[in-house]
Protein chains: 2
Amino acid sequence: MASTTKAKSATAEEIAEQLSDAVHEHRLKPGAKLREDEVSDVFGVSRTVVRQALRAMAFEGLLTIEKNRGAFVSKPTLKEAHEVFQARALLEPSTARAAAERTTPDDIALLERHIAEEHDALDRGQPGRALKLSGDFHLEIARIADQQTIEQFLKQLISRSSLVIALYWRQRSALCESNAHHALVDALRNHDGATAEELMKGHLLDIYSQLDLREHDEGSTSLKEALRRS
Amino acid sequence: MASTTKAKSATAEEIAEQLSDAVHEHRLKPGAKLREDEVSDVFGVSRTVVRQALRAMAFEGLLTIEKNRGAFVSKPTLKEAHEVFQARALLEPSTARAAAERTTPDDIALLERHIAEEHDALDRGQPGRALKLSGDFHLEIARIADQQTIEQFLKQLISRSSLVIALYWRQRSALCESNAHHALVDALRNHDGATAEELMKGHLLDIYSQLDLREHDEGSTSLKEALRRS
DNA sequence: TTGGTCCGGATTGTATACAATTACTGCCGC
DNA sequence: GCGGCAGTAATTGTATACAATCCGGACCAA
């Protein structure tokens with residue numbers, strides 16, 4: 001599963017982060033199962049630590065743990081997909097406004113480096129990594145706003161957004177959001193809170209509108225799962 | 001700690017819920033330590049299950065787990081206190097508006113029963129229980145709005161609010177919020193989203209303004225802890 | 001073939017044993 | 001009395017052993 005069989009002896013946080021990255025970059029796709037002793041082999045720790053990591057990820061919404069069955073990468077429903085972006089629409093614009101009033105030159109430099117990395121990843125044909133960086137960009141804004149609580153929620157929402165994108169993204173349109181991020185940085189640099197708020201609102205709507213939200217059959221697995229839950 | 005030494009063999013979720021109730025009702029106060037084998041004795045399960053419960057509570061912000069030291073009921077800082085109510089101000093008014101459009105007569109009956117219980121608890125001299133019910137009232141509104149994601153966040157925010165209130169509530173003013181809740185129910189019954197939103201906004205500001213947010217020394221323990229972190 | 005049942009293997013859930021770390025007490029020197 | 005130091009008890013962190021549950025295939029009967 002992972003690129004290289006990694007080093008031994010890791011903490012639960014490190015395991016969770018590496019697995020989270022894999023999910024964010026769509027190397028682990030929704031529905032994939034994570035067996036405990038498989039993960040424990042890869043990371044060279046006991047199942048005890050692995051279970052900590054998996055449960056932590058479940059709490060963030062990345063995994064869904066079914067009792068006696070195991071941990072699976074979550075498959076957000078259409079309803080959950082809507083809810084995620086509704087919640088983001090409530091939290092992020094105000095946060096962007098607050099961030100604009102506190103942005104320092106260092107922050108600007110960091111954000112611009114971030115965008116550059118994002119472009120770089122796209123050029124190298126690593127869309128998964130670009131997507132993860134794009135999510136981190138949004139997180140960075142919450143950090144600048146110095147709102148740890150909201151940042152924490154946003155982390156979960158962005159994680160779930162990544163799953164939503166994996167499931168419902170329209171293939172035809174490439175991710176053209178880099179421009180939106182650049183405009184946001186401009187607003188932040190100018191301490192223009194109102195514009196930052198509006199840009200963020202529009203940016204979220206833009207992503208939202210690029211999702212395919214129609215009801216559709218989910219392939220063979222959904223039938224089995226539907227029966228299981230009967 | 002608990003009222004009666006409870007029955008044996010409970011699940012992690014049950015343990016977390018009972019402990020959470022104790023925190024919400026201020027029977028477990030911020031700073032209190034929860035030892036693993038003590039809890040495991042009370043509930044008649046092994047430490048393994050207890051640790052699951054404690055970690056789950058830590059994710060919700062109720063507990064803070066310090067490595068090799070144990071789990072303590074969280075003591076939100078002033079900054080965190082502000083952040084909690086800022087986040088609630090972003091989430092709850094819109095949610096109340098959404099709820100107003102979906103409220104059913106059954107929901108109204110439920111909410112009114114809820115308020116009655118709240119008054120009852122106050123009359124019986126159980127302010128802790130009244131506070132918990134008050135928090136559940138807010139959660140109920142998110143449920144009516146059919147926003148599970150926001151409901152989940154709100155659960156955490158209300159938990160933390162309970163801790164904030166335990167630490168920063170001005171003793172002099174009794175909790176007079178019951179009227180606010182009643183007015184909200186009226187707005188919901190009339191499907192008056194705009195009014196519900198405004199009432200919720202005002203209600204949150206009301207609670208917020210009743211907190212004592214000045215900087216102040218935190219007593220003897222903070223010194224020891226400050227030294228520990230040096 | 002279809003349907004059902006039973007059994008074996010695989011996987012997760014729980015308890016326990018052990019290691020690592022911390023806190024505490026008592027003692028000593030000053 | 002005060003501050004440092006050591007040894008021990010107490011507590012948490014991790015690994016492992018065992019129990020419970022689930023999945024899948026074999027087998028049999030209709």
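Numbers restart at 1 for each chain; the letters A, B, ... are given by sequence-line order, proteins then strands. Just so we're clear, the structure is a prediction, and the values are computed from it rather than from any experiment.
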Grab the [atom1]-[atom2] distance between [X] and [N] for me, whole Å please.
| X | N | atom1 | atom2 | value |
| --- | --- | --- | --- | --- |
| A/Asp37 | D/dT14 | CG | C1' | 17 Å |
| A/Arg35 | C/dG9 | CZ | P | 17 Å |
| A/Phe43 | D/dT14 | CZ | C1' | 17 Å |
| B/Asn68 | D/dT14 | CG | C1' | 11 Å |
| A/Glu66 | D/dA20 | CD | P | 23 Å |
| A/Arg55 | C/dT14 | CZ | P | 8 Å |
| B/Ile65 | C/dT22 | CD1 | C1' | 16 Å |
| B/Glu38 | D/dA10 | CD | C1' | 13 Å |

Next item on the list: Answer yes or no: does atom CD of B/Glu17 have more than 12 heavy-atom neighbours from other residues, nucleotides or ligands under 6.0 Å?
Entry: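 Open: at most 12 neighbouring heavy atoms sit under 6.0 Å from CD of B/Glu17.
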Next item on the list: Please report the closest heavy-atom contact between B/Ile158 and B/Gly135, naming both atoms and the distance.
Entry: CD1-O, 3.4 Å
Check: If you measure only the distance, is there a donor-acceptor pair under 3.5 Å linking the side chains of B/Ser40 and B/Ser46?
Finding: no
Checklist line | Test item: side-chain donor near acceptor, A/Glu140 and A/His114, under 3.5 Å | finding: no
Check: So, is B/Gln52 close to the C/dT14 phosphate, meaning a side-chain N or O under 4.0 Å from OP1 or OP2?
Finding: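 Yes, within the criterion.
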Margin query: On the nucleotide D/dT12, are OP1 or OP2 found under 4.0 Å from the side-chain N or O atoms that B/Arg69 carries?
Written below: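 No, outside the criterion.
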Check: How long is the gap from CD1 on A/Ile207 to CZ on A/Arg88, to the nearest 0.5 Å?
Finding: 5.5 Å
The side chain of [X] is closest to which nucleotide in this list: [options]?
| X | options | answer |
| --- | --- | --- |
| B/Glu36 | C/dT11, D/dT14, D/dG13 | D/dG13 |
| A/Val49 | D/dT14, C/dT12, C/dT21 | D/dT14 |
| A/Arg47 | C/dA15, D/dA17, D/dT11 | D/dA17 |
| B/Ser46 | C/dG13, D/dG13, C/dT16 | C/dT16 |
| B/Thr48 | C/dT12, D/dT14, C/dA15 | C/dA15 |

Check: Bend angle of the helix from C/dT1-D/dA30 to C/dC30-D/dG1 from five-pair axes at both ends, rounded to 10°?
Finding: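 For the helix from C/dT1-D/dA30 to C/dC30-D/dG1, the axes at opposite ends meet at about 0°.
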Check: Which is it for B/Gln147 and A/Gln86 under the side-chain hydrogen bond (donor to acceptor under 3.5 Å, both in side chains) test, yes or no, and what are the steps along the way?
Finding: CA-CA 9 Å; B/Gln147 291 277 353; A/Gln86 285 170 2; 2.6 Å; yes
Notebook entry, point to check: Between A/Lys155 and A/Glu60, is a salt bridge (charged side-chain N to carboxylate O under 4.0 Å, His left out) present by the stated rule, with each step listed?
Noted result: CA-CA 8 Å; A/Lys155 182 157 174 264; A/Glu60 286 192 356; 2.7 Å; yes
